[in-house]
Amino acid sequence: MTLKYELIKESKDSKARLGKITTPHGEIETPVFMPVGTRATVKAMTPEEVKDLGASIILSNTYHLYLKPGHELVKRAGGLHKFMNWDGPILTDSGGFQVFSLGELRKIREEGVDFRSHIDGSKHFISPEKSIEIQNALGSDIMMCFDECVPYPSDYDYTKDSMERTTRWAKRCKDFHEDWDNQALFGIVQGGMYKDLREKSAHDLVEMEFSGYAIGGLSVGEPLELMNEVLDYTVPLLPKDKPRYLMGVGSPDYLFEAVIRGIDMADCVLPTRIARNGTAMTNNGKVVIRNAKYSEDFGPLDSECDCYTCKNYSRAYIRHLFNVDEILALRLTTIHNLYFLIKLMERIRNAIREDRLMSFREEFYKKYGYIED
RNA sequence: GGAGGAGUACCCAAGUGGCUAAAGGGGACGGACUGUAAAUCCGUUAGCUAAGCUUUCAGUGGUUCAAAUCCACUCUCCUCCA
């Protein structure tokens, strides 16, 4: 197996850890935040810009690229890296989340999932094997097993059946995949909010020996405390010498809580999506830049930020761009939000290195407004 | 001077007797967003002592149990003719 995880340091004041992942397209310092580029682009950004923001790995999506432009086309283009001009590591999601989010448009059975395209309604079928075939064609550095992300809340029996099927699918993904030298494969722990199901899922997947392990089915609407609880008993079941990836988490508090429980990787559309919808994450909390109170605020989005946006543009200007529906508005806020989270993870890594993660978290929460002082 | 047309809330615009405090857009204001069907979606937008009440559809007066809607006059704007 080519993917290498090096555990550099375990935090003294929490379960956080510092590490380094080596992929065929470069190294990743962990804990890391991974920007999402579903359709082979981090929306509104060029790959060069994403790299300049400090991103060391990005996500892309099996389901979306399979529909458009088609994974065979991407393969003919020379693979996803070449196609989109990103030469760093890429992680591809398996399409499992779409199984969860497409609702009415899909039907799950043992063999796989029948989908209807959200684009034109055409019928499609994705199985674990098909998902791997697509991800092989894309050539991502890290592939994900095809899974089902169970909604919250879900009852015990449904969650159990689903989790067991996800485990069987994981086995099929692993058996189908061949080129382990160039592409790693992560298993995804499911089991909803049920401890015994999470334990069973983690146990069975760890036994299969994947390149790394993801925790799926969290951050789907449950309270933060519940996510923390699930992480508390699930993360310790995962091997220390492999990366641990919490899927779909991207608000600062969720990232902190995940990292202090031993998570190494996380991805989320949140920073890029809310950026396009007019919200910035700052050290002093959320800034809904469209609000009237910023119309004459000539200071930066975040006075403590040194990103391109904050160095050069004012809140009043960005608000104006949103008000008149200019493309640059989306770009400027996206640059800031991505930089903010990438930088936050760097600050978190430094705090782990210096054994002061818990105090950094406290300080950050107070300023951000998560806790009142 | 003559003939015709039009004036509805911040803007555009529907409504031509009661179900209209008034459709729909836009704007403004606020909110949501967490492995992206998202430059998206949702809410508010006459005033108030807000379950209820008060004042609105150019203005004034009238008809009617009831008027943005019907009638009269006035004002303003537009088009055509002289």
Side-chain angles (χ1 to χ4, degrees), chain A residues 33-45 57-65 67-68 90-106 115-122 131 135 140 142-152 166 186-190 213-224 227 245-255 257-258 263 265-281 286 288-295 318-319 321-334 337 341:
Chain A
F33 175 76
M34 308 183 283
V36 179
T38 303
R39 301 196 286 196
T41 169
V42 177
K43 293 180 193 292
M45 296 289 100
I57 172 172
I58 60 170
L59 242 75
S60 203
N61 190 277
T62 299
Y63 168 78
H64 292 272
L65 294 179
L67 287 180
K68 277 188 176 190
I90 296 176
L91 182 152
T92 43
D93 188 25
S94 62
F97 187 72
Q98 280 62 43
V99 172
F100 156 74
S101 65
L102 254 44
E104 301 290 296
L105 296 171
R106 108 267 123 141
F115 287 94
R116 274 187 179 277
S117 160
H118 69 277
I119 301 166
D120 61 6
S122 56
S131 176
Q135 296 185 75
S140 51
I142 300 174
M143 307 187 300
M144 300 304 296
C145 283
F146 192 60
D147 69 328
E148 184 195 354
C149 177
V150 172
Y152 173 82
T166 287
F186 280 25
I188 305 175
V189 177
Q190 290 289 351
Y213 297 89
I215 298 176
L218 290 180
S219 192
V220 287
E222 81 283 5
L224 175 61
M227 180 187 89
Y245 162 29
L246 175 60
M247 308 184 79
V249 157
S251 58
D253 54 343
Y254 277 55
L255 289 171
E257 298 306 317
I263 291 295
M265 311 160 70
D267 75 288
C268 197
V269 305
L270 193 68
T272 45
R273 178 180 287 172
I274 69 174
R276 294 192 305 281
N277 293 338
T279 299
M281 297 174 178
K286 281 198 306 188
V288 180
I289 199 63
R290 288 179 327 224
N291 287 179
K293 61 181 169 183
Y294 302 120
S295 61
I318 296 167
R319 174 178 193 272
L321 293 179
F322 268 105
N323 265 335
V324 294
D325 217 18
E326 282 292 341
I327 271 180
L328 186 57
L330 316 184
R331 288 181 34 74
L332 293 179
T333 44
T334 298
N337 279 355
L341 283 193

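Quick note on labels: first sequence line is chain A, next is B, and so on, each numbered from 1.
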**Asked** When all nucleic acid strands are considered with a 4.0 Å heavy-atom cut-off, which category describes A/L105: base, sugar-phosphate, or nothing?
**Response** base
**Request:** With a 3.5 angstrom cut-off on both distances, give the Watson-Crick or G-U wobble partner of B/A14, or none if there isn't one.
**Result:** none
**Whole-Å C1' distance, B/A21 and B/A6** = 24 Å
**Item:** Nearest-angstrom distance, C1' atom, B/G7 to B/G15
**Value:** 15 Å
**Request:** Just name whichever nucleotide pairs with B/U36, Watson-Crick or G-U, keeping both distances under 3.5 Å, else none.
**Result:** none
**Request:** Scan A/I274 against the nucleic acid and name what it touches under 4.0 Å (heavy atoms): base, sugar-phosphate only, or nothing.
**Result:** base
**Item:** A/E222: salt bridge (charged side-chain N to carboxylate O under 4.0 Å, His left out) partners, not counting sequence neighbours
**Value:** none
**Message:** Using a heavy-atom cut-off of 4.0 Å across all strands, would you classify A/E326 as base, sugar-phosphate, or nothing?
**Reply:** nothing
**Request:** Could you tell me whether the side chain of A/Q135 and the main chain of A/M144 form a donor-acceptor pair under 3.5 Å?
**Result:** yes
**Message:** What contact category does A/D267 fall into here, base, sugar-phosphate, or nothing, at under 4.0 angstrom with non-hydrogen atoms?
**Reply:** sugar-phosphate
**Request:** Pick the P atom in B/G4 and in B/G17, then give their distance to the nearest Å.
**Result:** 24 Å
**Message:** Distance check, C1' atoms only: B/C11 and B/U16, in whole angstrom units.
**Reply:** 23 Å
**Prompt:** In the structure shown, which nucleotide is the Watson-Crick or G-U wobble counterpart of B/A50, with both distances under 3.5 Å?
**Reply:** none
**Asked** How long is the span from the CG atom in A/L246 to the OG atom in A/S219, to the nearest 0.5 Å?
**Response** 7.5 Å
**Asked** How far, in whole Å, is B/U56 from B/A46 if one measures between their P atoms?
**Response** 16 Å
**Prompt:** Just checking A/I188: base, sugar-phosphate only, or nothing, at a heavy-atom cut-off of under 4.0 Å?
**Reply:** base
**Fill in**
The Watson-Crick or G-U wobble partner of B/U60, with both key distances under 3.5 Å, is B/A72
**Message:** Work out how far the P atom of B/C41 is from that of B/A37, and round it to whole angstrom.
**Reply:** 15 Å
**Message:** If I pick the P atom on B/U54 and the same atom on B/A39, what distance separates them, to the nearest angstrom?
**Reply:** 48 Å
**Message:** Need the pair for B/C77. Rule: Watson-Crick or G-U wobble, both distances under 3.5 Å, any strand; none if unpaired.
**Reply:** B/G5
**Asked** If you walk 5' to 3' along RNA chain B, what is the first nucleotide with an atom under 4.0 Å of a heavy atom in chain A, and what is the last?
**Response** B/A28 to B/U40
**More than 12 heavy atoms of other groups within 6.0 Å of A/R39 CZ** = no
**Complete:** Hits for salt bridge (charged side-chain N to carboxylate O under 4.0 Å, His left out) against A/R273, two or more places apart or cross-chain, chain-then-number order -> none
**Complete:** B/C29 -> Watson-Crick or G-U wobble partner, both distances under 3.5 Å, gives B/G43
**Asked** NA contact type, A/K286, heavy-atom cut-off 4.0 Å: base, sugar-phosphate, or nothing?
**Response** sugar-phosphate
**Complete:** Whichever of A/N291 and A/Q190 has the more 5' nearest nucleotide on RNA chain B, that residue is A/N291
**Prompt:** NA contact type, A/S117, heavy-atom cut-off 4.0 Å: base, sugar-phosphate, or nothing?
**Reply:** nothing
**Request:** For A/L330 and for A/V36, locate the closest nucleotide of RNA chain B by heavy-atom distance; then report the residue assigned to the nucleotide nearer the 5' terminus.
**Result:** A/V36
**Prompt:** Under 4.0 angstrom, heavy atoms only, what part of the nucleic acid is A/L91 near: base, sugar-phosphate, or nothing?
**Reply:** nothing
**Asked** Between A/Q190 and A/T166, does any side-chain donor sit less than 3.5 Å from a side-chain acceptor?
**Response** no
**Request:** Using the test side chain to side chain contact (heavy atoms under 4.5 Å, CB included), find all partners of A/L330 that sit at least two apart in sequence or belong to another chain.
**Result:** A/R276, A/F322
**Prompt:** What integer number of Å spans the P atoms of B/A66 and B/G18?
**Reply:** 14 Å
**Asked** Which residues pass the side chain to side chain contact (heavy atoms under 4.5 Å, CB included) test with A/I119, sequence neighbours left out?
**Response** A/L67, A/K68, A/S117
**Prompt:** Looking at residues at least two apart in the chain, or sitting in another chain, which of them share a side chain to side chain contact (heavy atoms under 4.5 Å, CB included) with A/S251?
**Reply:** A/D253, A/Y254, A/L270, A/Y370
